[in-house]
Asks: 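The following block contains the structure, expressed as structure tokens.
Throughout, a chain's letter reflects where its sequence line sits, starting with A, and its residues are numbered from 1.
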Amino acid sequence: MSAVVQAIRGMNDLLPDDTSMWQQVEKVLRETVQAYGYQEMRMPIVEKTNLFSRAIGEVTDVVEKEMYSFIDRSGDDLSLRPEGTAGCVRACIEHNLIVNQEQRLWYMGPMFRHERPQKGRYRQFHQMGVEVFGLEGPDVDAEIIAMSHSIFKKLGIADDLQLQINTLGNSQERALYREKLVKYLEEHFEELDEDSKRRTHTNPLRVLDSKDENVQRLLVNAPKLSECLGAETTAHFSRLLQMLSALGIKYVINEKLVRGLDYYNLTVFEWVTTALGAQGTVCGGGRYDTLVELLGGKPTKAVGFGLGLERLMLLLTTLNKISIRPHVDVYVVGSGENIDLKMLQLADNLREQLPQYRIMTHCGGGNFKKQFKKADRLGAKVAVILGENEIANHTVTLKDLLNQDAPQQECPETQVVAMLNMLLKDK
RNA sequence: GUGGCUAUAGUUCAGUUGGUAGAGCACUGGAUUGUGAUUCCAGGUGUCAAGGGUUCGAGCCCCUUUAGCCACCCCA
């Protein structure tokens with residue numbers, strides 16, 4: 001309660017109950033990306049500031065006012081990464097991973113944005129990201145969307161998320177549309193709200209997803225991006241939609257989905273939920289075919305997505321799809337003279353021979369009632385009992401804690417491992 | 001960054017025009033010195049977010065700060 005030392009605003013501690021659930025989710029994420037043959041990348045958390053301003057776009061909010069930037073001791077302008085794609089692309093260029101070859105990569109870790117914190121939006125948050133380089137077809141777009149879908153299926157929330165999808169066309173098509181849209185917006189400039197007025201000249205496509213009702217009414221008659229798209233773009237998009245249907249993935253085309261980072265082109269998508277208020281986007285991504293070249297690499301097609309782990313966790317807990325798991329399988333209890341030493345020895349021996357189980361020794365003494373209560377609270381499945389009788393008989397008693405009626409078994413020391421293994425096998 | 005709401009025990013929350021804190025759950029010990037549930041008994045574990053002000057007296061009123069939440073903004 002003392003306010004002397006507090007965590008930084010918007011940066012959270014994950015406590016044991018939290019990490020219990022995070023680890024379950026991280027396991028699903030790792031298993032899924034590995035099932036698709038993707039390889040892990042680990043990039044630094046700090047990069048040169050200009051990497052992000054070049055990659056994400058000078059006039060985006062992320063770069064303009066949300067980065068944790070500082071000058072380090074040697075005078076370099078550095079920033080905590082606000083997202084993962086820029087650093088991943090930089091690393092791939094720097095180590096020649098994408099010259100004449102394709103890469104399918106993933107990463108996971110903390111990102112930093114100085115925004116006003118809210119539920120589902122934090123200053124240090126975590127993303128799992130996927131990036132594919134050197135493949136230009138809609139097949140790989142479909143693959144990563146299917147991968148995200150697979151994650152949600154495994155976590156039991158696929159029905160609670162809606163896939164919204166759109167195509168932004170290539171840069172010529174977008175430039176043409178931008179011109180038309182700006183012209184239209186300027187004709188109705190006085191009807192726009194303040195934010196939309198500002199964006200008309202900085203980032204006009206963002207006016208499309210404005211929440212202002214008047215603006216949305218006005219947009220009904222505005223030029224449509226789809227009217228500016230050429231045959232190639234249309235073919236890419238319709239083929240992608242076909243593939244999604246074939247994979248049994250439902251989608252909603254959202255022509256106003258534009259996304260805030262400048263590097264996207266062609267395919268863009270978001271997985272959104274209504275269960276998290278204003279922070280409903282759990283996963284978002286798309287194609288960024290020009291970014292590698294923009295950052296000094298050989299022109300390389302690319303597509304990827306970012307998945308917000310806090311939002312994912314929030315959704316899972318809100319929908320009761322995840323719970324805290326016990327962190328102990330076996331609890332060693334004991335009573336008698338010098339029993340503490342024997343308990344430690346026994347537990348060590350068991351851990352060596354049964355490394356797959358989590359074995360905890362009761363410390364701090366107390367009567368059996370107290371010790372069993374503790375075992376129960378911890379969710380242990382089996383109690384290993386060492387008492388005076390057992391010491392005298394060179395035995396150990398095993399008790400099945402999940403089945404109250406099961407008789408406990410006293411077995412010779414030499415058979416403990418085998419018996420324990422049998423008891424735990426099906427639990 | 002803008003506007004608004006909130007902050008009392010581990011937790012969810014009461015707390016009367018201002019009279020120095022209380023309930024449920026949880027937790028600890030005991031009834032039961034070789035055994036988990038239930039029951040019963042006992043225990044309040046608190047700098048009332050922090051700092052300042054008004055007052056004889058502040059959890060309550062005023063100011064500042066901090067943090068959380070809601071919407072905007074933005075995005076994961």
Asks: In whole Å, what is the span from the CG atom of A/Asp195 to the C1' atom of B/rG3?
Replies: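 About 13 Å, once rounded to whole Å.
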
Asks: Look at the side chain of A/Arg116 and the base of B/rG3, then say whether one donor and one acceptor between them are separated by less than 3.5 Å.
Replies: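 When only heavy-atom distances are counted, A/Arg116 does reach the base of B/rG3 through a donor-acceptor pair under 3.5 Å.
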
Asks: Mind checking whether A/Ser196 and A/His188 have side chains closer than 4.5 Å, heavy atoms only?
Replies: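 No, too far: nothing below the 4.5 Å cut-off.
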
Asks: Calculate the interatomic distance between A/Asp212 atom CG and B/rC74 atom P; express it in whole Å.
Replies: 12 Å

Asks: Pick the P atom in B/rC72 and in B/rU20, then give their distance to the nearest Å.
Replies: 44 Å

Asks: Provide, to the nearest angstrom, the distance between the NZ atom belonging to A/Lys211 and the P atom belonging to B/rC72.
Replies: 4 Å

Asks: Are A/Lys399 and A/Phe372 in a cation-pi setup, meaning NZ or CZ lies under 6.0 angstrom from the ring centre and within 45 degrees of the ring axis?
Replies: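 Flagged: A/Lys399 positioned over aromatic ring of A/Phe372.
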
Asks: For the base of B/rA76, is there a side-chain donor-acceptor partner from A/Glu115 under 3.5 Å away?
Replies: yes

Asks: If we take the P atom in both B/rU11 and B/rC48, what is their distance in whole Å?
Replies: 15 Å

Asks: Rounded to whole angstrom, note down the P distance from B/rU12 over to B/rA7.
Replies: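 After rounding to an integer number of Å, I get 13 Å for this pair.
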
Asks: With a non-hydrogen cut-off below 4.0 angstrom, is A/Gly120 in contact with a base, only sugar-phosphate, or nothing?
Replies: base

Asks: I want to check one thing: is the phosphate of B/rC74, taken as OP1 and OP2, less than 4.0 Å away from some side-chain N or O of A/Lys65?
Replies: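 No, A/Lys65 has no side-chain N/O under 4.0 Å of OP1/OP2 on B/rC74.
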
Asks: When you compare B/rC63 with B/rC41, how far apart are their P atoms, in angstrom units rounded to a whole number?
Replies: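 Result for the P pair: 48 Å, nearest Å.
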
Asks: Output the rounded distance in Å from CZ (A/Arg198) to P (B/rG1).
Replies: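 It works out to 15 Å between those atoms.
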
Asks: Is it true that A/Arg358 and A/Asp329 have a side-chain N and a carboxylate O under 4.0 angstrom from each other?
Replies: yes

Asks: Would one find a side-chain N or O of A/Gln279 under 4.0 angstrom from OP1 or OP2 of B/rA76?
Replies: no

Asks: So, A/Lys183 and A/Glu187, do they make that salt bridge, N to O below 4.0 Å?
Replies: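 The answer is yes: the pair qualifies as a salt bridge.
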
Asks: When we call it a touch if two heavy atoms are under 4.0 Å apart, what does A/Gly10 touch: a base, just sugar-phosphate, or nothing?
Replies: sugar-phosphate

Asks: Answer yes or no: side-chain N or O of A/Arg9 and base N or O of B/rU66 forming a donor-acceptor pair under 3.5 Å.
Replies: no

Asks: B/rA76 P sits how many Å from A/Glu310 CD, rounded?
Replies: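 Those two atoms, CD and P, are 13 Å apart.
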
Asks: Which whole number of Å gives the distance between the P atom of B/rG10 and that of B/rG57?
Replies: 30 Å

Asks: Does the distance from a Lys or Arg side-chain N to an Asp or Glu carboxylate O, for A/Arg90 and A/Glu47, drop under 4.0 Å?
Replies: yes

Asks: Would you mind classifying the nucleic acid contact of A/Tyr122 as base, sugar-phosphate or nothing, using non-hydrogen atoms under 4.0 angstrom?
Replies: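 The answer is base, as A/Tyr122 lies within the cut-off (heavy atoms under 4.0 Å) of a base atom.
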
Asks: From CH2 of A/Trp22 over to C1' of B/rA76, roughly how many Å is that when rounded to an integer?
Replies: 11 Å

Asks: Give the rounded distance in Å between these two atoms: CG of A/Asp17 and P of B/rU11.
Replies: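 Rounded to the whole Å, the gap is 12 Å.
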
Asks: How does protein reach along nucleotides 29-37 of chain B, written 5' to 3' as B (base within reach of a heavy atom under 4.0 Å), S (only sugar-phosphate), or - (no contact)?
Replies: S--B-BBBS

Asks: B/rA76 and B/rC5: how far apart are their P atoms, nearest whole angstrom?
Replies: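 Looking at atom P only, B/rA76 and B/rC5 are 31 Å apart.
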
Asks: Is the shortest heavy-atom distance from the side chain of A/Val396 to the side chain of A/Leu386 under 4.5 Å?
Replies: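 Of all side-chain heavy-atom pairs linking A/Leu386 with A/Val396, at least one is under 4.5 Å.
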
Asks: Would you call A/Arg198 and A/Asp195 a salt bridge, using N to O less than 4.0 angstrom?
Replies: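 Judged by the 4.0 Å cut-off on N to carboxylate O distance, A/Arg198 and A/Asp195 do form a salt bridge.
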
Asks: Given that both distances must come in under 3.5 Å, which nucleotide forms a Watson-Crick or G-U wobble pair with B/rG51?
Replies: B/rC63

Asks: Please measure how far the C1' atom in B/rU33 lies from the corresponding atom in B/rA23, and state the result in whole Å.
Replies: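 The answer is 36 Å between these two C1' atoms.
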
Asks: Using a 6.0 Å cut-off, check whether atom CG of A/Asp72 has over 12 heavy atoms from anything other than its own residue.
Replies: yes

Asks: Distance between the P atoms of B/rA67 and B/rC62, in whole angstroms?
Replies: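 About 22 Å, rounded to a whole number of Å.
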
Asks: Side chains of A/Glu293 and A/Thr300: does their closest heavy-atom pair fall under 4.5 Å?
Replies: no

Asks: If you find the nucleotide of RNA chain B closest to A/Asn12 and the one closest to A/Arg113, which residue's nucleotide is nearer the 5' end?
Replies: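 That would be A/Asn12.
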
